[in-house]
Amino acid sequence: LLAVNSHWSSALTGGSSKAAHLPSNLSGGAVRRQLAPSFASSTSSNELPRETKQASIFASASSDAVPLGEIPASLTVGVITAAMGFVYGKVLGVCVNTVWHKVPSLLLDKFSSLHPGYFITATCTVGGILMGLLSSKFSSTFTVADFVASFSNAPAKALPESRVHLLPLLLLSLVTSSFGFSVGPEAPMVCAGALLGSSLAKYWYGNAEASKQEVMAYAGAAGALTAFMGIPMAGSIFALELTRSNAGLAGSSDRALSPSILSSIAAIAVIRGILLPAKAVGGHFAYGPIGALSGRTMIATAGICGLGGAFMGTVFHKLVHILKDISWPTSAKDKKTGGFSVKRQVMVKSLIGLAVGILSSQFPQTLFWGEGSLQCVVDGQSTAFAATKHGLSNFLTSHARVNPNLPFASASAAVQVGVAKLISIALACAGKFPGGIIFPLFFAAAPLAHATCSLLSSATSSISPVVPLAVMCLMAATQASVTRTPLATVLMLSLSASAGTELSPMLPACLISSYLGVYLSRKMSKESYFQYSE
């Protein structure tokens, strides 16, 4: 990742006129191979003042542009972002395992007794302190909110340089996810991919080609998200839906859809065909059997879940805005810089870490962003939390208020887990911890679907087969109502479902509830989670 970033940074900042003297019969690939060493050697880092070099970035990017066809450009972006997503995923796995498995094991070996609640609380608090210090160090960071604000404009705003924002973005996301906060790497992957795609477009087409930068940014976002999640196509649609508030695709989708899909295909080909060739293909979330499903039941379930998801999404984004106003008041901004002081950053993020730690010590199944442990709540904890990818040892969950390794004993138990997860997500978002909310919201919605079905089962004995459908529909409606990405949400849920999931009767209801969630949430509130510039 460092090598790739360094290479393209050199290409963007090392202006050279040698490109004009290359033979005209060289192919695009040959041109780039010839240009790479010339960029590296043409300008020493000590020859020009820093200000002069920065001022010449845009001029050099335009004069030394190396045009590349749309198809090879999209495929190249997909390959590069796939490599980035793969490396990031591997590093994240090591970090999570170290923090939540190796460290507690070492402490148990050294000390005869260790309170699990204290360890979870302390770990999250330390994560908050680290995030406060790092956030003050990297004051200029690119977030998914910036991505939405930039590309919901017409015309779209240019993205910042990847050489400045890429590594801080990935580092902050890595710390956030490693220490168990309930926001995931999906959004940082979108941002990182977009930054890389935009920077590559500047190199290939010149700084004047703003439309090309936008298209390649969408392609980069699609490729990175596809690589990290292992789900083709969904990343392309998600990136294009994310920048519109009305459940539609971005205004530039007529130009960006095809490159985004090509990038997604290239990314999944690299991940599945080269980097992880032996890994089984297909989803793994098992929802359980449904059997015969009448049209009336399907429509009723979709409608109720669409309404419930819209309500949950509205409550969630309003809670986030309230917590943000409390944590980051405008009056606390530094008058000279326009930002928040180091003291404020550390204090707020430390307190958020402490609050998340206390909550997670009572409900340890709510730790992390939820993708690795989603099966636990999809089937009502019939799958033990400890048996999932992000499951913790029995020792760390021994003081849980709701045992994560046993099925929900009651509707109340399921509600507690769902509400705790929703609050945990809101705290992380309000504290400006960089991360996505796709799988976290899926995780929060699933227990509440089980609770609702459990309450209704007292009135009718036929509710049980509807539970898997209600779980998928409420997950879709809740997530879509917040991010305004209904089609991508359904694609993610369907493509991540196991081979035994009865998608044929479930997909129509899931689509209905997903779009209903967006439309109804817009009726419930004029505000939204993201700030759009449409």
Side-chain angles (χ1 to χ4, degrees), residues 144-145 148 152 182-184 186-187 190 234 237-250 299-324 369-370 374 377-378 415 418-419 421-426 428-430 435-449 451-452 469-494 496 506-532 534:
V144 69
V148 172
S152 58
S182 290
V183 285
E186 316 95 83
V190 169
I237 304 300
F238 180 82
L240 291 168
E241 282 186 318
L242 187 63
T243 53
R244 290 296 293 272
S245 65
N246 61 357
L249 297 179
I299 294 297
T301 304
I304 293 172
C305 290
L307 178 61
F311 177 75
M312 282 183 60
T314 302
V315 170
F316 169 75
H317 75 70
K318 284 187 175 295
L319 177 59
V320 171
H321 289 317
I322 291 171
L323 292 173
K324 275 187 176 180
W369 62 98
L374 186 61
V377 289
V378 163
V415 168
V419 171
K421 184 65 174 180
L422 204 64
I423 294 173
S424 185
I425 304 167
C429 292
I437 53 176
I438 299 174
F439 282 97
L441 288 176
F442 286 163
F443 193 102
L448 297 177
T452 303
L469 180 64
V471 169
M472 180 178 278
C473 287
L474 190 60
M475 289 164 63
T478 302
Q479 203 286 133
S481 70
V482 177
T483 61
R484 307 293 168 85
T485 57
L487 182 56
T489 298
V490 174
L491 287 173
M492 290 178 188
L493 288 173
S494 58
S496 63
M506 295 175 73
L507 273 181
C510 190
L511 279 165
I512 293 171
S513 61
S514 187
Y515 277 92
L516 270 179
V518 177
Y519 296 144
L520 293 176
S521 66
R522 297 185 69 190
K523 296 294 183 182
M524 292 179 183
S525 174
K526 293 182 179 180
E527 295 181 343
S528 58
Y529 179 71
F530 294 116
Q531 300 301 314
Y532 302 91
E534 297 171 344

dist I304:CD1 -> T301:OG1 (nearest 0.5 Å) comes out at 6.5 Å
Heavy-atom distance under 4.5 Å between the side chains of L493 and M506, does that happen here? no
If every non-hydrogen atom of P447 is compared with every non-hydrogen atom of V377, which pair is closest and at what distance? CG-CG1, 3.8 Å
Minimum heavy-atom distance between E186 and G436, given as atom pair plus value: OE1-C, 3.8 Å
Counterpart residues, ring pair (Phe, Tyr, Trp, His ring centres under 6.0 Å), relative to Y515 (two or more places apart): none
Side-chain atoms of residues 477-484: list all donor-acceptor pairs with protein atoms under 3.5 Å, sequence neighbours left out, distances to 0.1 Å.
unit_1, atom_1, unit_2, atom_2, d
T478, OG1, L474, O, 2.8
Q479, OE1, T483, OG1, 2.9
Q479, NE2, T483, OG1, 3.4
Q479, NE2, T489, OG1, 2.6
S481, OG, G309, O, 3.2
S481, OG, A477, O, 3.2
S481, OG, T478, O, 2.8
T483, OG1, Q479, O, 3.1
T483, OG1, T485, OG1, 2.7
R484, NE, S481, O, 3.2
R484, NH1, S245, O, 3.1

Identify, with sequence neighbours excluded, every residue that meets side-chain contact (heavy atoms from CB on, under 4.5 Å) alongside A509. M298, A302, L469, C473
Test item: F530 and V144 side chains (from C-beta on) under 4.5 Å apart, heavy atoms: yes
Rounded to the nearest 0.5 Å, the OG atom of S513 sits from the CE atom of M475 at a distance of 11.0 Å
For L249, all residues meeting side-chain contact (heavy atoms from CB on, under 4.5 Å), sequence neighbours excluded: I237, L240, E241, S253
Test log, rule side chain to side chain contact (heavy atoms under 4.5 Å, CB included), inputs R522 and N246: CA-CA 8 Å; R522 297 185 69 190; N246 61 357; 3.0 Å; yes
Can you list everything that forms a side-chain contact (heavy atoms from CB on, under 4.5 Å) with V320? Sequence neighbours excluded, please. F316, K324, A426, C429, Y529
Of all residues at least two apart in sequence or in a different chain, which pass the ring pair (Phe, Tyr, Trp, His ring centres under 6.0 Å) check with F238? none
By the salt bridge (Lys or Arg N to Asp or Glu O under 4.0 Å) test, which pairs, at least two apart or in different chains, include something from residues 301-321? K318-E527
Suppose we screen for side-chain contact (heavy atoms from CB on, under 4.5 Å). Which residues come up paired with L507, at least two apart in sequence or across chains? V490, S494, L503
Shortest non-hydrogen contact between M492 and A234, atoms and distance: CG-CB, 3.8 Å
Those residues that, when tested against S182, pass side chain to side chain donor-acceptor pair (under 3.5 Å) (two or more places apart): K421, S424
For the student: nearest non-hydrogen atoms of L242 and Y532, plus distance: O-CE2, 3.5 Å
How close do P440 and G184 get, heavy atom to heavy atom, and via which atoms? CG-N, 4.2 Å
Closest contact, heavy atoms only, S525 versus T314: CB-CG2, 3.9 Å
Set out, in order, the CA-CA distance, both residues' side-chain angles and the distance that settles side chain to side chain contact (heavy atoms under 4.5 Å, CB included) for L307 and L516, then state yes or no. CA-CA 7 Å; L307 178 61; L516 270 179; over 6 Å; no
Roughly how far, to the nearest 0.5 Å, is CD1 of I425 from CD1 of I437? 7.5 Å
With a 4.5 Å heavy-atom cut-off, do S521 and H317 have their side chains touching? no
